[in-house]
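See structure below.
Order of the sequence lines sets the chain letters (A, B, ...), proteins ahead of strands, with each chain counted from 1. No hydrogens, no waters, no symmetry mates; every other heavy atom, side chains included, goes into these values.
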Amino acid sequence: MVRSEDPQMAQEPKNVVAEGVYPHKEVEERWQRIWEERKQFATPENPGRDKYYVLEMFPYPSGRLHMGHCRVYSIGDALARFLRMRGKKVLHPMGFDAFGLPAENAAIKHQVHPAEWTERCIAEMKQQFRMMGFSLDWDREAITCRPEYYRWNQWFFLKLYEKGLAYKKAAAINWCETCQTVLANEQVEQGACWRCHNPVTVRNLEQWWFKITQYAEELLADLDKLEDWPESVKIMQRNWIGRSEGALVKFKLLPADTPLRPGMKWQGSEEELRQLPDIEIFTTRPDTLFGVTFMVFAPEHPQVAELVAEVERVDPAHRAPETENIAKRVEEFAAKAVVEDRFLRTAADREKEGLFIGRYAVNQLNGDVVPIYIANFVLMEYGTGAIMAVPAHDQRDFEFATKFGIPIKMVIAPPLATAEQLSEKSLTQAYDEPGVMINSAPFDGLDSETAKKKIVEYLEQKGYGQRSVQYKLRDWLISRQRFWGTPIPMIYCDKCGIVPVPEDQLPVALPANAKFTGIGNPLASVKEFVETTCPKCSSPARRETDTMDTFVDSSWYFLRYCDPHNTRAPFAAEKAHQWMPVDQYIGGIEHAILHLLYSRFFVKALRDLGLVNCDEPFSRLLAQGMVTNTYIDKQTGKIAVDEHGRPKYAKMSKSLGNGVDPLEIIDRYGADTARLFILFAAPAEKELEWSDRGVEGCYRFLNRVWRLILSNIDACKQANKNYQPQTRAERDLNYTVNWAIQRVQTEIEERHHFNTAIAAAMELQNALQVAAGSSDVAAPLLGYGLRTLLLLLFPFSPHITSELWERAGFGGAIDDQPFPAYDPSALVRDEVEIVVQVNGKIRARLTVAAEATEEQVRELAFADEKVVQSLGGKQPRKVIYVPKKLLNIVC
RNA sequence: GCGGGCGUGGCGGAAUGGCAGACGCGCCGGACUUAGGAUCCGGUUCCGAAAGGAGUGGAGGUUCAAGUCCUCUCGCCCGCACCA
């Protein structure tokens with residue numbers, strides 16, 4: 001049942017469906033049928049320069065459209081319909097993101113094949129799409145779970161494999177126990193699975209990856225080209241890519257039995273030092289290199305075990321102190337750190353844990369001997385998995401050093417620092433700002449920013465290190481241990497190793513006879529699928545049973561729409577060239593990184609394969625806000641309220657039970673009302689608060705339009721655009737008509753503000769209603785205004801306007817009408833109102849002829865009683881005149 | 001902690017530095033009516049009888065003029081979170 005925002009009226013909504021209302025059901029069904037019969041939304045061939053690709057993110061086929069869907073598709077459809085009127089050749093397709101876990105879970109629960117379940121949901125959803133009246137070209141539908149589609153996922157995989165962009169490696173990866181599969185980094189949100197929100201654990205597995213990191217720099221740089229993307233999305237992507245400039249620096253590892261200790265310097269020759277093994281670290285602060293007092297490895301760093309094994313081989317008398325049982329203790333520490341939830345381990349407020357491993361290193365820049373630790377805060381995946389630590393100038397290192405009693409050495413002085421501030425003992429936190437170099441031998445006195453560059457040059461010259469750029473972005477883990485996805489087209493042969501499935505054997509199809517028990521990957525249990533022969537040597541071999549992340553499917557579906565029936569290629573290059581890039585993409589902000597980053601990567605990779613000629617898939621992006629509603633507080637059993645007693649709003653969701661079913665709204669008020677309300681109630685990119693009252697308001701508005709047209713059919717028949725207004729009332733109406741045209745056009749075209757466009761149409765309706773009720777306006781003008789009103793409303797509420805267009809006898813189908821052109825001369829008023837201010841306060845309003853000069857306006861203003869009064873006899877010091885608007889007298 | 005966004009009537013929301021509150025909801029009054037929860041007309045930021053005054057989270061500033069620009073500050077929302 002539909003919920004009300006008003007606690008007092010949470011009962012059955014009022015029955016506004018009474019007499020005098022338009023028959024929305026018949027009207028909407030009729031036009032949906034007509035559009036289908038006419039193939040009204042077929043995509044034009046050879047679009048040329050007028051092409052416009054409107055795309056909304058395709059849905060997962062859950063079987064039911066929810067209000068969020070209605071919102072995205074209402075936005076996209078209003079735009080598509082408007083652009084067609086504006087003469088664009090519009091591609092507006094739809095499909096289904098049809099692979100994924102829910103179908104597989106349903107299979108386990110109901111013992112129905114995921115394909116059957118999914119196809120059923122798709123059929124239901126298409127019916128609901130139809131009921132909303134969206135102008136989609138269904139002949140271009142792409143359904144990702146069909147072999148005709150996913151074979152091209154496999155084909156792309158092979159192409160990427162050939163290029164080295166798809167590869168297999170073992171790594172510590174995110175595992176979701178609930179979903180029984182691994183997840184990519186992008187799919188873990190605050191330590192939880194993006195889909196089921198259960199905690200993610202870490203596993204070490206061998207998996208398939210896409211080398212998105214190869215495009216890190218371009219993915220970052222090209223964000224600057226995306227001028228019509230929301231800044232917030234671009235910032236999120238920049239942060240995710242996480243570019244850092246710095247240097248890779250080599251420290252030297254001392255033998256396990258070295259007599260050197262921290263505080264001492266390297267004694268031997270430079271040549272002997274060079275002979276020692278390297279420990280390479282990445283730092284963004286080469287200017288602090290002289291302040292290194294220890295080093296830290298990630299606990300799981302593969303080198304660590306060997307380092308401590310060497311310690312144990314040394315006679316205890318010659319070891320570093322505190323190294324009894326070091327191998328065991330290191331192993332235990334590492335095991336604990338790895339097992340510990342990665343997201344707890346890496347939380348900023350996590351207590352720093354560490355262990356000295358009994359080894360020392362030499363800083364080649366100054367010969368300092370420093371101890372080596374392992375610690376929970378150092379990550380294996382970033383940089384080299386080892387760091388230099390400068391406690392004086394890095395807060396993490398500072399905390400660690402303080403806890404373990406490691407010396408702190410200042411090498412950068414704050415500007416104008418006192419002797420007190422320069423004392424390490426007085427330091428209560430790291431100083432991480434720029435400053436002046438101290439205690440840094442040849443670089444002392446330089447400012448630290450300059451020193452950064454000089455030191456890197458010095459490192460490169462001496463062979464101690466080199467300039468380097470690191471990214472937080474990791475490669476995209478695409479293996480999934482689930483059935484309902486695209487099989488990865490790889491074969492394991494005992495003799496030949498990993499062998500790709502030959503192209504001509506694609507698709508590797510999902511078997512129809514898999515058993516869904518809920519335990520393990522069903523694909524692995526289908527003998528006929530797994531057992532195959534090696535394409536190279538023909539001996540018995542096994543197929544890969546992992547499937548691809550479903551984000552692979554959605555990374556190129558917008559390309560398939562350009563050429564959906566191609567059986568020889570994913571799409572023909574020239575068809576993609578015709579339509580790409582997508583001119584306007586619309587979808588939820590939740591994909592700010594995920595889908596939008598993957599798709600950008602895919603397009604760049606396909607470009608480098610010669611398949612597309614654009615660098616970016618989506619020119620403009622509109623991230624629409626979520627749909628919220630009031631909800632029942634589970635504790636009180638009443639509508640949740642804030643401290644002021646006002647109802648609280650939250651995203652419509654199953655768990656809160658505050659979803660409104662679009663089908664109920666369509667049934668009660670019709671799709672036109674639903675669409676109008678959704679677009680009118682808030683700007684597209686903002687949150688939309690559901691309101692039953694607001695919906696009713698839109699319904700009443702459409703009813704007023706209905707009655708207004710039908711009771712003025714005669715005027716409609718006489719509609720004449722070229723009628724010359726005679727009276728004041730006619731000039732005013734003519735102005736409003738043309739003003740509304742201009743306003744609707746610019747609001748949609750330039751700002752995508754549908755709410756204000758609709759408000760303008762409402763103002764026109766109000767003006768027409770007044771005009772229709774008086775005898776001051778001639779029928780040809782009134783008719784023209786009514787005709788215009790229908791055209792302005794058509795993108796938002798297409799059914800009722802189609803019906804009224806026909807009944808009014810305006811001729812042709814409204815779909816084929818161009819958007820009306822406004823008459824600029826009608827927007828020129830013969831009289832204007834001038835606001836007269838004295839010292840910025842409004843004292844009078846003057847109605848003057850539009851062509852009145854400043855002198856004339858001044859004269860009138862100074863003659864005005866109120867103005868004279870507020871001047872109080874003072875002489876004006878200055879008068880500012882804004883033509884046709886305002887006169888400000890300063891005194 | 002860092003980054004981003006947002007604070008305007010009873011509510012959703014409008015305002016290229018130039019009339020704050022368009023449009024809609026709600027509310028108030030009136031008309032039609034057996035009736036109105038339909039429809040139509042009028043009113044509706046606050047204080048004030050009025051004249052007038054105040055007003056866009058708060059404090060400053062720039063300007064003839066600030067919701068809009070600048071500085072500081074408070075509150076809410078979102079994203080990232082030991083990335084060396």
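- Separating the P atom of rC41(B) from that of rC23(B) is a span of 13 Å, rounded to the nearest Å.
- A centroid separation of less than 6.0 Å is found between the aromatic rings of W690(A) and F677(A).
- When the side-chain nitrogen and oxygen atoms of K885(A) are compared with OP1 and OP2 of rG18(B), none of them lie within a distance under 4.0 Å.
- Between K866(A) and D864(A) there is no salt bridge, since no side-chain N of the basic residue sits under 4.0 Å from a carboxylate O of the acidic one.
- With hydrogens and angles left out, the side-chain atoms of S468(A) and Q470(A) include a donor and acceptor closer than 3.5 Å.
- Between rU45(B) and rC2(B), the two C1' atoms lie 39 Å apart (nearest whole Å).
- Residue W240(A) contributes atom CH2, which lies 11 Å from atom C1' of rA81(B) at whole-angstrom precision.
- Looking at heavy-atom distances under 4.0 Å, N755(A) makes contact with sugar-phosphate atoms alone, never a base.
- At a threshold of 4.0 angstrom between heavy atoms, the contacts of N839(A) with the nucleic acid are absent.
- In this structure, I235(A) reaches the sugar-phosphate backbone alone: every heavy-atom distance under 4.0 Å involves primed, P, OP1 or OP2 atoms, never a base.
- In this structure, Q395(A) does not reach the rC82(B) phosphate: none of its side-chain N or O atoms is under 4.0 Å from OP1 or OP2.
- Between N703(A) and rA38(B), a side-chain N or O to OP1/OP2 separation shorter than 4.0 Å is absent.
- For rC77(B), the OP1/OP2 oxygens have no side-chain nitrogen or oxygen of K648(A) closer than 4.0 Å.
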* Dot-bracket pairing map - RNA chain B, Watson-Crick plus G-U, both contacts under 3.5 Å, | cross-strand -> (((((((..(((.....[....)))((((((.......))))))(((....)))..(((((..]....))))))))))))....
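- Going from atom NZ of K841(A) over to atom P of rA66(B) covers 10 Å, rounded to whole Å.
- A cation-pi geometry, defined here as NZ or CZ lying under 6.0 Å from the six-membered ring centre and within 45° of its normal, does not hold between R858(A) and Y881(A).
- In summary, E449(A) and K452(A) engage in a salt bridge, as defined by a charged side-chain N under 4.0 Å from a carboxylate O.
- By the rule that a glycosidic angle within 90° of 0 means syn, rG52(B) does not qualify and counts as anti.
- The residue I880(A) sits close to a base: some heavy atom pair falls under 4.0 Å.
- Comparing the P positions of rU8(B) and rU56(B) gives an interatomic distance of 11 Å, to the nearest angstrom.
- Using a 4.0 Å heavy-atom cutoff across all strands shown, K234(A) reaches no nucleic acid atom at all.
- Remark: R707(A) is in phosphate contact with rC40(B), judged by side-chain N or O atoms under 4.0 Å from OP1 or OP2.
- When rounded to the nearest whole Å, the span between CZ of F796(A) and C1' of rG24(B) equals 15 Å.
- Between E687(A) and K651(A), no side-chain nitrogen of the basic residue sits less than 4.0 Å from a carboxylate oxygen of the acidic one, so the salt-bridge criterion is not met.
- The side chain of R238(A) places no N or O atom within less than 4.0 Å of a non-bridging phosphate oxygen (OP1 or OP2) of rG4(B).
- Side-chain nitrogen and oxygen atoms of R646(A) include at least one within less than 4.0 Å of the OP1 or OP2 phosphate oxygen of rC11(B).
- For the P atoms, the distance linking rU44(B) with rA51(B) amounts to 14 Å, nearest Å.
- Taking atom P in both rC76(B) and rA38(B), the straight-line distance is 40 Å, to the nearest Å.
- The base of rC19(B) is not paired with the side chain of R843(A) by any donor and acceptor separated by under 3.5 Å.
- Look at the P atom in both rG10(B) and rA22(B): the space between them is 14 Å, to the nearest Å.
- T756(A) and E747(A) are linked by a side-chain donor-acceptor pair at a separation below 3.5 angstrom, with hydrogens and angles left out of the test.
- Between the P atoms of rU16(B) and rG7(B), the separation comes to 14 Å (whole Å).
- Atom name C1', nucleotides rA59(B) and rA49(B): the rounded distance is 36 Å, in whole Å.
- Contacts of G697(A) with the nucleic acid, taken as non-hydrogen atoms under 4.0 Å apart, involve only primed sugar atoms and P, OP1 or OP2.
- Nearest-nucleotide positions on RNA chain B place N239(A) closer to the 5' end than the other of P683(A) and N239(A).
- Toward the 5′ end of RNA chain B lies the nearest nucleotide of L688(A), the other residue of the pair L688(A) and Q869(A) mapping further downstream.
- Residue K866(A) is in sugar-phosphate contact alone, with no base atom involved, counting any heavy-atom pair closer than 4.0 Å across all strands shown.
- For rA84(B), the OP1/OP2 oxygens have a side-chain nitrogen or oxygen of S244(A) closer than 4.0 Å.
- Ion pair E231(A)/R238(A) flagged as a salt bridge, since at least one NZ, NE, NH1 or NH2 atom sits closer than 4.0 Å to an Asp/Glu carboxylate oxygen.
- Inter-residue side-chain proximity for I412(A) and R285(A) is flagged as met; some heavy-atom pair is nearer than 4.5 Å.
- Note: CD1 (I678(A)) to C1' (rG13(B)) measures 17 Å, nearest angstrom.
- We find that CZ of F400(A) is positioned 18 Å from P of rA84(B), with the value rounded to whole Å.
- Within the 4.0 angstrom heavy-atom criterion, only backbone atoms of the sugar-phosphate kind lie near R704(A); the bases stay farther away.
- For the pair K352(A) and F400(A), the cation-pi test (distance below 6.0 Å, angle within 45°) is failed.
- Residue-level contact check: R751(A) touches the backbone only, with heavy atoms under 4.0 Å from sugar-phosphate atoms and none from bases.
- Between rG26(B) and R700(A), a contact under 4.0 Å exists linking OP1 or OP2 to a side-chain N or O.
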